[in-house]
Amino acid sequence: MHPILFKLGPVTVHSYGFMMALGVAAALWFLAREGKRQGLDASRLLDAAFFVIIVSLIGAKLILLVGDISYYLKNPKQLFWIARSGGVFQGGLAFGILFALWYFRRKKIPTWKVADIAAPAVALGHGFGRIGCFLAGCCYGKECTLPWSATFHDEYAHDLTGIPLDQALHPVQIYESILNFLNFLFLAVLLRRKSFDGQVFPVYIINYSVIRYFTEFFRGDHAEGTYLFRGPSALLSVSYPQFFCLVGLVAGILLYRVFKLRRRDA
């Protein structure tokens with residue numbers, strides 16, 4: 001599609017990096033606005049978000065490295081090139097959550113109240129990020145014969161991500177982007193109507209686990225090592241991202257139950 005948005009002399013603006021930055025800006029805007037509405041110090045929230053984002057990016061890249069270590073040992077520069085990929089989202093999410101739990105406790109920030117605000121913010125930012133994936137050609141889909149299939153012709157995109165050219169593919173990045181935006185809207189409404197702290201964040205984990213699990217069936221960029229189990233068909237196979245989705249689904253349900261029971265017993 002359009003891996004490069006434009007060039008200004010020696011400066012090249014890549015679509016992925018631009019959309020990622022736009023997603024981060026949208027997420028921070030929502031976080032600051034909702035935090036202020038709930039009586040929290042917006043500047044403290046933004047400071048915390050900055051560090052969580054940095055740790056999340058490191059975590060996402062680390063999992064990307066582990067998932068294809070032989071390639072990145074041969075091509076180490078590719079690991080740090082944001083135009084190619086921001087990393088594995090689930091890895092970034094896990095690292096970000098663990099760091100946030102520690103950081104909030106240390107800074108005496110109300111952990112689950114802030115987590116509830118952060119949940120729709122993450123979904124919003126992720127929606128923009130997946131548009132960046134589509135423009136760059138990363139995280140591409142399987143072959144598709146449907147009317148809305150996408151065909152890539154850009155050699156630069158192929159060199160960056162390995163996406164097949166001149167072949168109709170599922171625009172799986174757009175599928176996930178739309179579902180993330182819908183998840184954001186649902187969580188934003190839930191945030192306004194929640195009855196206890198810790199209600200929104202587990203729902204985000206549940207919703208995203210379901211979203212990612214089913215969009216994985218349309219992914220065409222998985223190598224053999226990406227699969228935990230290969231069945232006779234795609235529907236009977238389980239990739240590592242899908243396995244982590246199942247873990248996230250169970251964790252989200254249990255976490256929701258814990259907070260609901262805690263509210264009832266209070």
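Count residues from 1 along the sequence. Computed from heavy atoms alone, side chains included, the values below leave out hydrogens, waters and symmetry copies.
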What is the minimum heavy-atom distance between Pro202 and Gly252, and which atoms define it? CB-O, 3.4 Å
Between CD1 of Ile174 and CZ of Phe218, what distance do you get to the nearest 0.5 Å? 14.5 Å
Among the clusters formed by ILVMFWY side chains lying less than 4.5 Å apart, do Tyr208 and Val250 turn up in the same one? no
Nearest heavy-atom neighbours spanning Tyr204 and Ala123: CE1-CB, 4.0 Å
Could you state the interatomic distance from OH (Tyr103) to OG1 (Thr111), rounded to the nearest 0.5 Å? 12.0 Å
Could you pull out the closest heavy-atom pair between Ile4 and Thr12, with the gap in Å? CG2-CG2, 3.8 Å
Establish whether Trp29 and Leu22 are linked, either directly or via other cluster members, by ILVMFWY side-chain heavy-atom contacts under 4.5 Å. yes
Candidate pair Leu93 and Ile205, rule side chain to side chain contact (heavy atoms under 4.5 Å, CB included), full reasoning: CA-CA 10 Å; Leu93 183 64; Ile205 297 297; 4.3 Å; yes
Kindly indicate whether the side chain of Leu28, heavy atoms from C-beta on, has any atom under 4.5 Å from the side chain of Leu46. yes
Using a 3.5 Å distance criterion without hydrogens, assess whether the side chain of Glu176 forms a donor-acceptor pair with backbone atoms of Gln173. no
Using a 3.5 Å distance criterion without hydrogens, assess whether the side chain of Gln199 forms a donor-acceptor pair with backbone atoms of Ser195. yes
List the atom of Cys139, the atom of Cys133, and the distance in Å for their closest heavy-atom pair. SG-SG, 4.1 Å
In Å, rounded to the nearest 0.5 Å, how long is the span from CG of Leu45 to CZ of Arg33? 14.0 Å
Tell me if a side-chain donor or acceptor on Asp116 pairs with a main-chain N or O of Gly198 at a distance below 3.5 Å. yes
Are Phe217 and Tyr213 near enough that their ring centres are under 6.0 Å apart? yes
Same apolar cluster: Ile109 and Phe51, side chain cutoff 4.5 Å: yes
Just how far is it from atom CZ of Arg212 to atom OG of Ser239, taken to the nearest 0.5 Å? 7.5 Å
Taking the side chain as C-beta and beyond, is there a heavy-atom pair between Gln167 and Thr151 under 4.5 Å? no
Stepwise, does the side chain to side chain contact (heavy atoms under 4.5 Å, CB included) test hold for Val13 with Leu8? CA-CA 8 Å; Val13 178; Leu8 290 174; 5.8 Å; no
Do the non-hydrogen side-chain atoms of Ile253 and Leu249 ever get within less than 4.5 Å of each other? yes
Do Ile54 and Val52 share a hydrophobic cluster, counting only Ile, Leu, Val, Met, Phe, Trp and Tyr and linking them when any side-chain heavy atoms are less than 4.5 Å apart? yes
Is the shortest side-chain heavy-atom distance between Tyr156 and Pro3 below 4.5 Å? yes
Does some side-chain heavy atom of Leu40 sit less than 4.5 Å from a side-chain heavy atom of Ile117? yes
Backbone N or O of Thr145 within a donor-acceptor pair of the Ser149 side chain at under 3.5 Å? no
Which atom names give the shortest non-hydrogen contact between Gly129 and Tyr16, and what distance separates them? O-CE1, 4.2 Å
So does Gly127 get a backbone contact from the side chain of Ser177, meaning a donor-acceptor N/O pair under 3.5 Å? yes
Output field: ring centroids Phe259/Phe196 closer than 6.0 Å: no
Within the supplied structure, the quantity of interest is the number of heavy atoms (other residues, nucleotides, ligands) at a distance under 6.0 Å from Phe30 CZ; does it exceed 12? yes
CG (Leu124) and CG (Asn180) are apart, to the nearest 0.5 Å, by 9.5 Å
Can you check side chain to side chain contact (heavy atoms under 4.5 Å, CB included) on Phe18 and Phe6, steps first, answer last? CA-CA 11 Å; Phe18 178 83; Phe6 56 85; 5.7 Å; no
In the structure I gave you, are the side-chain heavy atoms of Pro120 and Val189 within less than 4.5 Å of one another anywhere? no
Quick one: do Lys113 and Glu34 make a salt bridge, cutoff under 4.0 Å? no
For residues Leu187 and Leu185: do they belong to one hydrophobic cluster (side chain heavy atoms under 4.5 Å, members Ile, Leu, Val, Met, Phe, Trp, Tyr)? yes
Does Arg44 use its side chain to pair, donor to acceptor, with the backbone of Lys107 at less than 3.5 Å? yes
If we count only N and O atoms by modelled type, under 3.5 Å, do the side chains of Asp154 and His2 hold a donor and an acceptor together? no
Using side chain to side chain contact (heavy atoms under 4.5 Å, CB included), reason through Val55 and Phe50 one step at a time and then give a plain yes or no. CA-CA 9 Å; Val55 172; Phe50 172 79; over 6 Å; no
Sub-4.5 Å side-chain heavy-atom contact between Arg193 and Val200: no
Ring-plane angle category for Phe181 and Phe128, please: parallel below 30°, perpendicular beyond 60°, tilted otherwise. perpendicular
Tyr140 to Pro164 - nearest heavy-atom pair and separation: CE1-CD, 3.5 Å
Would you say Leu135 and Met19 make side-chain contact, with heavy atoms under 4.5 Å? yes
One should read off an interatomic distance between Phe201 CZ and Ile97 CD1, to the nearest 0.5 angstrom, of 3.5 Å
May I ask you to check whether over 12 heavy atoms, not counting those of Arg257, lie within 6.0 Å of atom CZ? no
